Amino acid sequence: LGGTKNAITQVSSINDVDFTFSDIYAGLHYKFITGIFTFDQGFTAHNYVSKNTQLGSEVRNSFTKILPDASIKISLKKSETLRLRYNMQTSFTDVNQLAEGYVFNNYNSLYSGNRELENSLYHNLSLNYFSFNMFNYTNIFGSVNYSKRADVIKSNTQFIDVNSVRTSVNSAFPDETISARANFQKSFRKFKVRFGGNVSHSKSNSLISNRQTNVVSNRLTKTFSQSYTSRFSTNFKKAPNFDVGYNVSINNSDIGGVENKFTTHSPYANLDILFLKEFIFTSKYTFNKVVNGGETIDEYGFLRADLTYQKKDSKWEFRLSATNLLDSKALNQNSNNDIFVSNSTYVIQPRIAMFTVKYNL
């Protein structure tokens, strides 16, 4: 104010960190095949050393960790396999979360690192199925994945009115995620159909500090996400080709007992027409309907069209294109994290038409 500057000179507010990290490792694996089974198992031994020097002192962390992994592959047929995998991983942070000096993330948000942070440990388990039939052009894929993360580095948030101060700690509460994915695709002579889906359920924990009592509480967040796709497309040489589909995504969240559900319906249609041998017309249309709590909160569509003219063997190309032909004004996007659910509105560029001339050298 009035040219006055407030210099930050406290040692605890200045970040001057010397950080080093090393990983020396050696691994051993054994693989063998018996019948339709292929076994591959082993481990990797790591020696980790991390060191950070700041605020006039040094914190050093050195330890050895053995990380096993294994997989079993079952070859049901030449083009049909089933594979089971497991592996353990470690994850480390970087200097940004170790530096203890305060950093402004936003006008009302401060962040301070934690030099005592340790590594996180991940357990990953997956089951995959794949099948491809060359005679009837059928492709099937499916997978189930499970992961568990222990000692996860989490943000410990302290709210002061509308302001917040965050730091990072190793959480005592594990995070878990289980997901499944499936895809079916079949090709005919001039047609192709595809169906797919993804389902994911996760549980994560966030830490909230009470400013008055300094008591740290855990907030459990559960999310259940689903997405389903269907598609039908053609592949003609001369006749018009089209690609139509219907996508649905459903996002359920439960943050500290407060539930929210967003459903988005997205049908679409694409068209590709070659006519008079030298003209190509393409168009893409997508409609979106967003529903929250049984009520429609947003509807918008996008339509784009292009008309291209180019003579055979000519280096000149002429194109007339138009975007946002429906003149949609705005769209909504929803998201959630361990702290809150948000719904944002974005302004869309107005209808635009362009004439383009291109010459290929």
Side-chain angles (χ1 to χ4, degrees), residues 15-34 37-75 81-101 103 111-130 141 143-156 166-181 200 202-207 338:
N15 284 310
D16 184 7
V17 185
D18 183 13
F19 173 66
T20 59
F21 175 82
S22 67
D23 175 16
I24 301 175
Y25 61 91
L28 177 64
H29 279 79
Y30 177 62
K31 181 178 181 179
F32 66 94
I33 301 175
T34 173
F37 298 94
T38 302
F39 295 88
D40 187 359
Q41 57 276 314
F43 66 89
T44 307
H46 295 257
N47 179 254
Y48 301 106
V49 178
S50 65
K51 181 177 66 174
N52 72 86
T53 303
Q54 58 180 311
L55 305 177
S57 61
E58 177 185 290
V59 172
R60 178 185 175 90
N61 186 19
S62 176
F63 66 97
T64 299
K65 190 73 176 179
I66 296 178
L67 304 177
D69 64 272
S71 71
I72 303 174
K73 177 183 176 182
I74 306 175
S75 300
T81 59
L82 186 67
R83 186 188 299 268
L84 178 65
R85 291 176 176 173
Y86 167 78
N87 72 305
M88 184 187 296
Q89 295 176 305
T90 55
S91 175
F92 294 84
T93 185
D94 58 18
V95 68
N96 294 315
Q97 290 184 305
L98 297 173
E100 294 199 341
V103 175
Y111 176 80
S112 174
N114 180 3
R115 65 189 308 187
E116 302 290 342
L117 288 175
E118 298 180 352
N119 67 290
S120 303
L121 189 63
Y122 290 17
H123 299 273
N124 303 298
L125 180 65
S126 65
L127 178 65
N128 298 286
Y129 172 80
F130 173 78
F141 173 80
S143 67
V144 179
N145 299 276
Y146 171 79
S147 68
K148 182 177 181 179
R149 301 180 296 170
D151 297 322
V152 187
I153 295 177
K154 292 283 187 174
S155 292
N156 184 0
R166 296 189 304 114
T167 189
S168 295
V169 297
N170 288 100
S171 175
F173 305 95
D175 291 348
E176 294 180 280
T177 300
I178 184 169
S179 62
R181 181 161 64 100
S200 175
S202 64
K203 295 191 295 183
S204 62
N205 299 270
S206 59
L207 304 176
D338 292 350

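By convention here, the first residue in the shown sequence is residue 1. Everything numeric here is computed off the predicted structure, so don't read it as measured data.
Counting non-hydrogen atoms of other residues, nucleotides and ligands closer than 6.0 Å to OH of Y25 gives a total of 12 or fewer. With a 6.0 Å radius and a threshold of 12 heavy atoms from other residues, nucleotides or ligands, D16 has its CG atom at or below the threshold.
Here the side chain of S112 pairs a donor or acceptor atom with the backbone of E100 at under 3.5 angstrom. Panel note: side chain D40, backbone S71; no donor-acceptor pair is recorded below 3.5 Å. Formation of a donor-acceptor pair under 3.5 Å by the E116 side chain with backbone atoms of V59 is not found in this model. The backbone N or O of Q97 sits nowhere less than 3.5 Å from a side-chain atom of N114 that would complete a donor-acceptor pair. A donor-acceptor pair under 3.5 Å links the side-chain atoms of N170 to the main chain of D151, judged by distance alone.
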Test side chain to side chain contact (heavy atoms under 4.5 Å, CB included) applied to D23 and F21, step by step: CA-CA 7 Å; D23 175 16; F21 175 82; 4.1 Å; yes

What's the verdict on side chain to side chain contact (heavy atoms under 4.5 Å, CB included) for Y122 and S147, showing C-alpha distance, side-chain angles and the deciding distance? CA-CA 7 Å; Y122 290 17; S147 68; over 6 Å; no

Derivation of the side chain to side chain contact (heavy atoms under 4.5 Å, CB included) call for L55 and V17: CA-CA 8 Å; L55 305 177; V17 185; over 6 Å; no

Given L98 and L117, is the side chain to side chain contact (heavy atoms under 4.5 Å, CB included) satisfied, shown in steps? CA-CA 7 Å; L98 297 173; L117 288 175; 4.0 Å; yes

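Smallest separation of non-hydrogen atoms from N96 and Y111: O-CE2, 3.7 Å. Smallest separation of non-hydrogen atoms from S155 and R166: OG-NH1, 2.8 Å. Between T93 and F19, the closest heavy-atom pair is O-CZ, 4.4 Å. Between Q41 and A70, the shortest heavy-atom distance links the atoms CB-CB, 3.9 Å. The two residues N47 and S62 have their closest heavy-atom pair at ND2-OG, 4.4 Å. Minimum heavy-atom separation, T167 to G113: OG1-O, 3.5 Å.
Side chains of R149 and S120: no donor on one and acceptor on the other come within 3.5 Å. Using modelled atom types, one finds a donor on one side chain and an acceptor on the other under 3.5 Å when comparing N124 with Q89.
Side-chain contact check for L82 versus L127: some heavy-atom pair is nearer than 4.5 Å. In this structure the side chain of F141 reaches within 4.5 angstrom of the side chain of N128, judged on heavy atoms. Side chains of H123 and Y146 form no contact here, defined as non-hydrogen atoms less than 4.5 Å apart. Contact annotation: the side chain of L125 approaches that of L84 to within less than 4.5 Å [non-hydrogen atoms, C-beta and beyond]. Looking at V95 and N52, their side chains never come closer than 4.5 Å, going by heavy atoms from C-beta outward. Side-chain contact between L121 and K65 is present, with heavy atoms from C-beta onward closer than 4.5 Å. Side-chain contact between D69 and H29 is present, with at least one heavy-atom pair separated by less than 4.5 Å.
Atom-to-atom distance recorded for T53:OG1 and E58:CD is 4.5 Å, nearest 0.5 angstrom. To the nearest 0.5 angstrom, N15 atom CG is 7.0 Å from Q54 atom CD. Note: F37 CZ to S75 OG = 9.5 Å, rounded to the nearest 0.5 Å. Here OG of S202 is found 11.5 Å from CD1 of I178. Values are rounded to the nearest 0.5 Å. Atom OG of S200 sits about 12.0 Å away from atom CZ of R181, to the nearest 0.5 Å.
A distance below 6.0 Å separates the ring centres of F63 and Y48.
Each of K203, K154, K148 was scored for a side-chain hydrogen bond (donor to acceptor under 3.5 Å, both in side chains) with D175, with one residue passing: K154.
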